[in-house]
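Single-structure report; data block below.
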Amino acid sequence: MNTLLSLSRRRNSFNLLNHPLLLRKFSADADPSPGIIKPDSHASAEVRLLENLRKTPQHDWPSNETLSSLLASPSVSPQSFSQITRRLGSYSLALSFFNYLETTKSQSQESLSLVFQSVIEFAGSEPDSKEKLLRLYEIAKEKNIPLTVVATKLLIRWFSRMGMVDHSVLVYEGLDSSMRNTQVRNVVIDVLFRNKRVGDAFKVLDEMLCEGSVFRPNRITGEIVFHEVWRGRILKEEEIVELISRFSVHGVAPNCVWLTRFITHLCRNARVDVAWEILSDLMKNKAPLQAPSFNALLTVLGRNMEISRMNELVVKMDEMKIRPDVVTLGILINTLCKSRRVDEALGVFQEMCGKRTDDGGVVKADSIHFNTLIDGLCKVGRMKEAEEMLLKMKTEDGCAPTTVTYNCLIGGYCIAGQLETAKEVVSRMKEDGIKPNVVTLNTLIGGMCRHHGVNMAIGFFTDMQREGLKGNVVTYTTLITAYCSVGNIENAMGLFDQMLEAGCSPDAKLYYALISGLCQARRDQDAVRVVEKLKQSGFSLDLLAYNMLIGLFCDKNNGEKVYEMLTDMEEAKMKPDSITYNTLVSFFCKLKDFESVQKMMENMREDGLHPTVVTYGVIIEAYCSAGDLNEALKLFNDMGSRSKVSPNTVIYNILINAFCKVGNLGQAMSLKEGMKEKMVRPNVETYNALFKCLNEVQQKETVFKLMDEMNQSSCEANQTTVEILMERLTSSDDLIKLKQFMQGYSVAYPGEKSFAFPCL
DNA sequence: GTAGGGTTAG
């Protein structure tokens with residue numbers, strides 16, 4: 001048989017003929033020494049037919065009686081005709097055979113079609129195949145020879161390859177509707193796509209997809225269409241979703257890689273719900289799916305910490321017998337650990353390890369799974385279990401502890417403030433032959449800063465530097481932040497310079513830490529230097545940083561720098577927010593530049609922002625301190641009516657204070673009454689302002705009334721209150737009243753304990 | 001040739 005195989009491979013270009021079954025049938029021909037393997041009797045009619053065709057010259061075929069009788073033999077099936085034609089070995093012989101059969105009219109249309117198919121097969125590899133195929137197609141039409149599915153597919157494909165896609169379409173359109181089956185349509189669609197006739201391709205596809213279609217799409221249709229959809233970017237996202245849904249009705253899913261890519265794309269563009277819908281739809285229609293597509297969705301659900309939805313999805317996977325893999329395991333335990341649900345993570349870990357996967361393997365945990373769990377345990381302070389997990393790791397195959405494992409443990413002990421134990425872990429890891437790295441260093445430094453202060457951390461860092469271990473940008477950020485938080489800006493800036501000298505590049509987080517530290521410490525000169533450095537390094541400030549800096553420069557009355565920051569923001573196409581505006585409003589208020597204040601308010605509205613209660617507070621206070629109480633009052637009235645911003649206690653206090661200061665008690669009291677109406681609670685400042693104003697003897701009754709009111713509304717007096725009242729209430733009677741007031745008794749009705757009215 | 005994931009420090 002081996003000999004036979006090799007011989008026949010050499011002789012035949014058609015793979016089909018290499019099939020052992022066919023070799024057996026045609027063994028007399030294939031074997032050079034007849035007699036070794038004898039043709040069986042069943043095949044003899046076909047074999048003899050082929051032999052006779054070969055030994056008889058073509059022009060003698062019509063007159064050869066043996067041939068005629070063999071052709072009439074019922075044992076020669078239509079399928080044999082196509083094989084016999086192929087075995088004739090050449091295009092011209094095959095065509096002659098076809099013509100011969102056609103003229104004898106001895107054969108069924110099916111046999112003729114099959115012979116014709118073999119002729120087409122030959123024509124495809126002829127030197128002038130284009131003309132030959134065109135001619136054959138003409139012949140088929142002239143002689144009314146129905147094309148077989150194979151012939152149809154070949155013609156459509158070849159015409160397209162030869163640049164005659166119109167002929168491909170003609171072939172397709174000339175077909176009987178029963179011949180336009182899934183296979184043929186798949187070829188047509190593919191050819192149309194390749195020739196950029198997208199609309200026509202979708203027309204053919206549409207008939208397959210629509211309800212009740214006879215020739216439904218199959219996996220290959222999906223392959224062709226989705227490949228093109230991705231490659232050619234011919235559809236919008238919604239259209240792709242719709243297309244997947246239409247395929248899904250027929251139980252067809254895009255292939256795993258394609259689908260996973262699309263799901264990832266949707267998730268990255270915040271279309272998680274759409275991704276979810278697609279997978280649900282496909283599951284509902286029982287389309288074949290695999291874990292990676294689900295992993296893509298689970299990843300983003302994990303990032304958003306949507307654990308219940310993740311759970312739901314895993315349950316669905318289980319129902320559909322879609323097996324989770326190692327990646328699924330990684331996503332689940334990581335998400336659970338990050339949300340501090342360590343027990344659930346351990347549960348999932350137990351349950352999934354050892355489960356079968358789609359490719360027949362077993363879900364096997366690796367070092368990273370262990371690291372994730374150990375980190376989870378350490379973050380919640382379960383150090384004993386973390387240590388046990390480390391021991392377990394050492395006994396498992398392919399799960400050797402790494403630097404990361406030990407770093408997690410060190411981090412855990414640092415969180416717990418056990419710095420000594422953390423350092424011991426460093427010794428243990430060295431004994432195990434695992435090298436500490438910069439993360440180990442940073443973890444320890446972070447722990448020291450938190451629990452023992454920055455000086456100890458600096459000492460440790462210096463020691464490590466002597467041992468040759470270099471810090472990185474994270475090391476410096478930790479230390480700089482620690483210095484800033486204790487207000488030691490000199491050392492923070494010193495470290496910044498040291499870092500630059502050491503050739504370590506600052507990153508965005510470092511710049512942010514430094515700028516926020518400098519702004520809090522009101523160090524404008526240093527801030528300017530750092531911002532310059534930041535820009536040189538190609539970084540840019542974000543809105544938060546701009547706001548901090550603008551606040552600092554406003555505070556330092558550095559209008560020039562404020563202007564520069566605003567110009568920078570504009571160039572960076574960054575819109576100020578209400579914090580930026582409030583800072584600026586407050587700046588102009590301080591300068592009593594009310595024109596600019598008005599301008600800022602206008603700009604704010606143009607930018608679609610609304611003045612807040614803070615904005616109004618700042619301006620009202622500015623008008624008050626400029627002595628323009630009318631303007632302050634006007635703005636106060638504007639608040640509620642124009643801006644629909646309700647005044648709060650702070651606003652009322654500003655005004656009450658101002659009116660009290662100029663001795664306008666009437667206006668102050670009426671504002672206080674207004675508070676009651678607006679349900680704004682007066683506080684101790686409100687009362688202090690009023691008490692200060694009530695210094696006439698005849699106003700004593702009002703003082704008492706207010707004192708009772710304070711008690712009733714549980715507004716506690718402070719040092720200032722007592723000082724003011726002591727000045728006003730000097731008689732012995734008054735002092736008794738003051739004492740009663742301090743004890744919470746009513747002063748207007750002595751002996752009666754006041755009640756607190758929570759409604760006020 | 002093509003997809004998905006998980007670990008430590010600011």
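Residue numbers begin at 1 in each chain, while the letters A, B, ... track the order of the sequences.
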Side-chain donor-acceptor pairs under 3.5 Å in residues 337-346 of chain A, sequence neighbours left out?
from, atom 1, to, atom 2, distance (Å)
A:Lys338, NZ, A:Asn334, OD1, 3.2
A:Ser339, OG, A:Thr335, O, 2.9
A:Ser339, OG, A:Leu336, O, 3.2
A:Arg340, NH1, A:Lys379, O, 3.4
A:Arg340, NH2, A:Lys379, O, 3.2
A:Arg341, NE, A:Glu344, OE1, 3.3
A:Arg341, NE, A:Glu344, OE2, 3.0
A:Arg341, NH2, A:Glu344, OE1, 2.9
A:Asp343, OD1, A:Arg382, NH1, 3.3
A:Asp343, OD1, A:Arg382, NH2, 2.8
A:Asp343, OD2, A:Arg382, NH1, 3.2

Using a 3.5 Å cut-off and no angle test, enumerate the donor-acceptor pairs between side-chain atoms of residues 501-510 of chain A and protein atoms at least two apart in sequence or in another chain.
from, atom 1, to, atom 2, distance (Å)
A:Asp507, OD1, A:Lys509, N, 3.2
A:Asp507, OD1, A:Leu510, N, 3.0

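- A:Arg529 meets the salt bridge (Lys or Arg N to Asp or Glu O under 4.0 Å) test with A:Asp497; sequence neighbours excluded.
- Of the residues in residues 472-488 of chain A, those placing a heavy atom less than 4.0 Å from an atom of DNA chain B are A:Asn472, A:Val473, A:Val474, A:Thr477, A:Thr478, in numerical order.
- Counting any heavy atom pair closer than 4.0 Å across all strands shown, A:Ile331 reaches sugar-phosphate atoms only and no base atom.
- Contacts with DNA chain B (heavy atom under 4.0 Å) in residues 371-390 of chain A: A:Asn371, A:Thr372, A:Asp375, A:Lys379, listed by number.
- Every salt bridge (Lys or Arg N to Asp or Glu O under 4.0 Å) that A:Glu388 has, sequence neighbours left out, goes to A:Lys384.
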Only pairs under 3.5 Å count here: list side-chain donor-acceptor contacts from residues 187-197 of chain A, not counting sequence neighbours, and write none if there are none.
from, atom 1, to, atom 2, distance (Å)
A:Asp190, OD1, A:Arg194, NE, 3.3
A:Asp190, OD2, A:Arg157, NH1, 3.2
A:Asp190, OD2, A:Arg194, NE, 3.2
A:Asp190, OD2, A:Arg194, NH2, 3.4
A:Asn195, ND2, A:Ser160, OG, 3.1
A:Asn195, ND2, A:Val191, O, 2.8
A:Arg197, NE, A:Asp200, OD2, 3.0
A:Arg197, NH1, A:Asp166, OD1, 2.8
A:Arg197, NH2, A:Asp200, OD2, 3.1

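- Applying the ring-ring contact (aromatic ring centres under 6.0 Å, His included) definition to pairs two or more places apart or across chains, those involving residues 367-401 of chain A are A:Phe349-A:Phe370.
- Applying the ring-ring contact (aromatic ring centres under 6.0 Å, His included) test to residues at least two apart or on different chains, none of the pairs has a partner in residues 271-302 of chain A.
- Screening residues 485-495 of chain A for side-chain hydrogen bond (donor to acceptor under 3.5 Å, both in side chains) gives A:Tyr483-A:Asn491, A:Glu490-A:Arg523 as the qualifying pairs, with residues at least two apart or on separate chains.
- Here the range on DNA chain B touched by chain A, meaning any atom under 4.0 Å from one of its heavy atoms, is B:dT2 to B:dG10.
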For residues 234-244 of chain A, dump all side-chain donor-acceptor pairs below 3.5 Å to protein atoms at least two apart in sequence or in another chain.
from, atom 1, to, atom 2, distance (Å)
A:Glu237, OE1, A:Arg271, NH1, 2.4
A:Glu237, OE2, A:His265, NE2, 3.2
A:Glu239, OE1, A:Lys236, N, 2.7

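- Residues A:Ser367 and A:Thr402 have side chains that never bring a donor and an acceptor to within less than 3.5 angstrom of each other.
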